[in-house]
Chemist: 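Take this structure first; my questions come after.
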Amino acid sequence: MTASTRDIEKAAEVLRAGGLVALPTETVYGLGANAEDPAAVSRTFQVKGRPPSHPLIVHIAGAEHLHDWAEDVPATARLLAEHFWPGPLTLVLRRGRRVPLEATGGLETVAVRVPGHPVALALLSAFGGGVTAPSANRFGSVSPTTAEHVRAELGDAVDLVLDGGPCDVGVESTIVDTTGDAPSILRPGGVTREDLEAVLGRPITVPSTSRVRVPGQHPSHYAPRARVVLVEPGKAVAETERAQGLGHRVGVLLPPSLAGAPVAAHAVIPVPASTAAYARGLYGYLRELDRRGCDLIIASLPQEEGLGLAIANRLRRAAGPRPTA
Ligand code: AMP
Ligand code: MG
């Protein structure tokens with residue numbers, strides 16, 4: 001059930017009192033804290049099990065508040081904010097006076113976003129300040145895209161969960177660094193590279209890690225319990241049946257090109273042909289395959305254009321090497 005005005009007022013109170021509020025955004029659910037309260041911000045790191053050197057994104061109610069949270073905002077950043085806020089775009093800027101170093105992992109830069117979800121915006125307005133909000137899941141695991149995912153994973157560690165329904169975008173924001181000579185994409189996400197380039201009127205660089213075709217090079221993140229293996233789309237059925245034959249409980253994210261193909265697997269989730277629908281569903285599919293007891297997930301990378309770039313980035317990270325603790 002979507003949060004009421006009363007729930008939102010209560011959540012703002014929790015933030016003022018130094019508590020943690022899980023909030024819906026259009027990308028994924030966030031674990032919110034008062035950005036100006038170092039103790040509350042530190043608690044988000046503890047609850048997530050995230051190293052405190054990993055900087056957080058500060059969420060604000062509108063671009064008009066930007067001067068409180070960032071210094072020397074370049075014209076490029078203003079242009080992008082004007083086009084894409086509220087929305088799934090995060091800008092890295094020089095740290096402003098209201099941002100404590102706890103929120104930036106000690107950096108003199110800060111990541112800022114105006115989220116495009118009515119409940120998030122209502123909370124930010126009611127609260128009146130900035131809210132740090134990493135994804136509301138344990139460090140390294142699959143991001144939550146429903147309030148139920150948050151409750152299942154974090155339970156009592158969060159003081160209040162605001163329900164805003166399933167997230168519309170389903171993958172995290174695109175992070176653009178505007179502190180260098182030319183803007184660059186640090187993480188592909190809900191705003192596509194093509195849309196950024198159309199507004200900027202020039203090409204924008206994307207990190208090479210997201211373009212490497214070799215799997216297993218990046219430490220795992222966005223990862224379900226089941227091991228994730230990436231295969232060429234044309235081999236998804238054969239590889240699934242081979243692994244199933246070896247005794248694995250295989251879940252397959254069946255590529256659109258193989259829609260309707262019979263496949264002997266423990267669980268089959270057909271991937272939608274639309275990348276927007278795929279991005280919206282992706283984290284839910286991974287959670288579903290875990291829930292169904294799969295120990296291996298076979299998936300294929302979509303074309304790396306539009307939202308396909310962000311989906312491929314998350315799948316590669318999900319397939320990355322696991323820590324051997
Ligand atoms: P998450 O909270 O999981 O959506 O991730 C936030 C991401 O934003 C971090 O993993 C960083 O990569 C990025 N980020 C946040 N602040 C900065 C910053 N000041 N400079 C560069 N990247 C940042
Ligand atoms: Mg995260």
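Read the numbers this way: they start at 1 and go in the same order the structure lists the ligands and their atoms.
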Chemist: Answer yes if the side chains of E172 and S143 hold a donor-acceptor pair under 3.5 Å, and no otherwise.
Modeler: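 A pair is found: one side chain offers a donor N or O, the other an acceptor, under 3.5 Å apart.
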Chemist: Need the ligand 1 atom indices (1-based, order shown) with element for anything under 4.0 Å from a heavy-atom of A111.
Modeler: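 Every atom of ligand 1 under 4.0 Å from some heavy atom of A111: 15 (C), 16 (N), 17 (C).
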Chemist: Backbone, side chain, both or neither: what part of T90 comes under 4.0 angstrom of ligand 1, heavy atoms only?
Modeler: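 Contact part for T90 vs ligand 1: neither.
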Chemist: Find all atoms of ligand 1 within a distance of less than 4.0 Å from any non-hydrogen atom belonging to P134, and give their numbers and elements.
Modeler: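 Here the atoms of ligand 1 in question are 2 (O).
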Chemist: Checking side chain to side chain contact (heavy atoms under 4.5 Å, CB included) for the pair T90/T174: CA distance, chi angles, key distance, verdict?
Modeler: CA-CA 6 Å; T90 296; T174 302; over 6 Å; no
Chemist: Do S173 and R187 meet the criterion of a side-chain donor-acceptor pair at a distance under 3.5 Å?
Modeler: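 Side chains of S173 and R187: pair found under 3.5 Å.
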Chemist: Are the side chains of L124 and I60 in touch, meaning some heavy atoms are under 4.5 Å apart?
Modeler: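 Side-chain contact under 4.5 Å: no.
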Chemist: If we set the cut-off at 4.0 Å for heavy atoms, which region of T104 has an atom near ligand 1: side chain, backbone, both, or neither?
Modeler: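 The answer is neither.
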Chemist: Which protein heavy atom lies closest to atom 9 (C) of ligand 1, and at what distance to 0.1 Å?
Modeler: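 Result: P55 O, 3.6 Å.
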Chemist: Would you say that R138 contacts L154 through its side chain, given a criterion of any heavy-atom pair below 4.5 Å between the two side chains?
Modeler: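 They are in contact (side-chain heavy atoms under 4.5 Å apart), so the answer is yes.
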Chemist: With a cut-off of 2.8 Å, does N137 place any N/O/S atom under that distance from the Mg ion (ligand 2)?
Modeler: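 Within the cut-off used here (under 2.8 Å), N137 places no N, O or S atom near the Mg ion (ligand 2).
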Chemist: With a 4.0 Å heavy-atom cut-off (strictly under), which part of T109 contacts ligand 1: side chain, backbone, both or neither?
Modeler: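 Within the 4.0 Å criterion, T109 contacts ligand 1 through backbone and side-chain atoms alike.
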Chemist: Atom 12 (O) of ligand 1: which protein heavy atom is closest, and how many Å away?
Modeler: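 The protein heavy atom lying closest is I175 CD1, 4.5 Å.
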Chemist: What I'd like to find out is whether the side chain of R314 reaches to under 4.5 Å of the side chain of R317, using heavy atoms alone.
Modeler: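 Not touching, per the 4.5 Å side-chain cut-off.
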Chemist: Counting only heavy atoms, tell me which of R187, R94, E172, H54 gets closest to atom 5 (O) of ligand 1.
Modeler: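 Among R187, R94, E172, H54, the closest heavy atom to atom 5 (O) of ligand 1 belongs to R187.
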Chemist: Please collect all ring pair (Phe, Tyr, Trp, His ring centres under 6.0 Å) contacts where either partner lies in residues 60-111, sequence neighbours excluded, each pair once.
Modeler: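 Listed by first then second residue: nothing to list.
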Chemist: What residue and atom, counting heavy atoms only, is the protein's closest point to atom 22 (N) of ligand 1, and at what distance?
Modeler: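 That would be L186 CD1, 3.8 Å.
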Chemist: Quick check on contacts: which atoms of ligand 1 are under 4.0 angstrom from a heavy atom of L107?
Modeler: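 It comes down to these atoms of ligand 1: 18 (C), 19 (N), 20 (N).
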Chemist: Could you tell me whether R50 approaches ligand 1 through its side chain, its backbone, both or neither, with non-hydrogen atoms closer than 4.0 Å?
Modeler: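 Side chain only; the backbone of R50 stays clear of ligand 1.
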Chemist: Are R50 and F139 in a cation-pi contact, defined as NZ or CZ under 6.0 Å from the six-membered ring centre and within 45° of the axis?
Modeler: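 No - R50 does not lie over the ring of F139 by the 6.0 Å and 45° rule.
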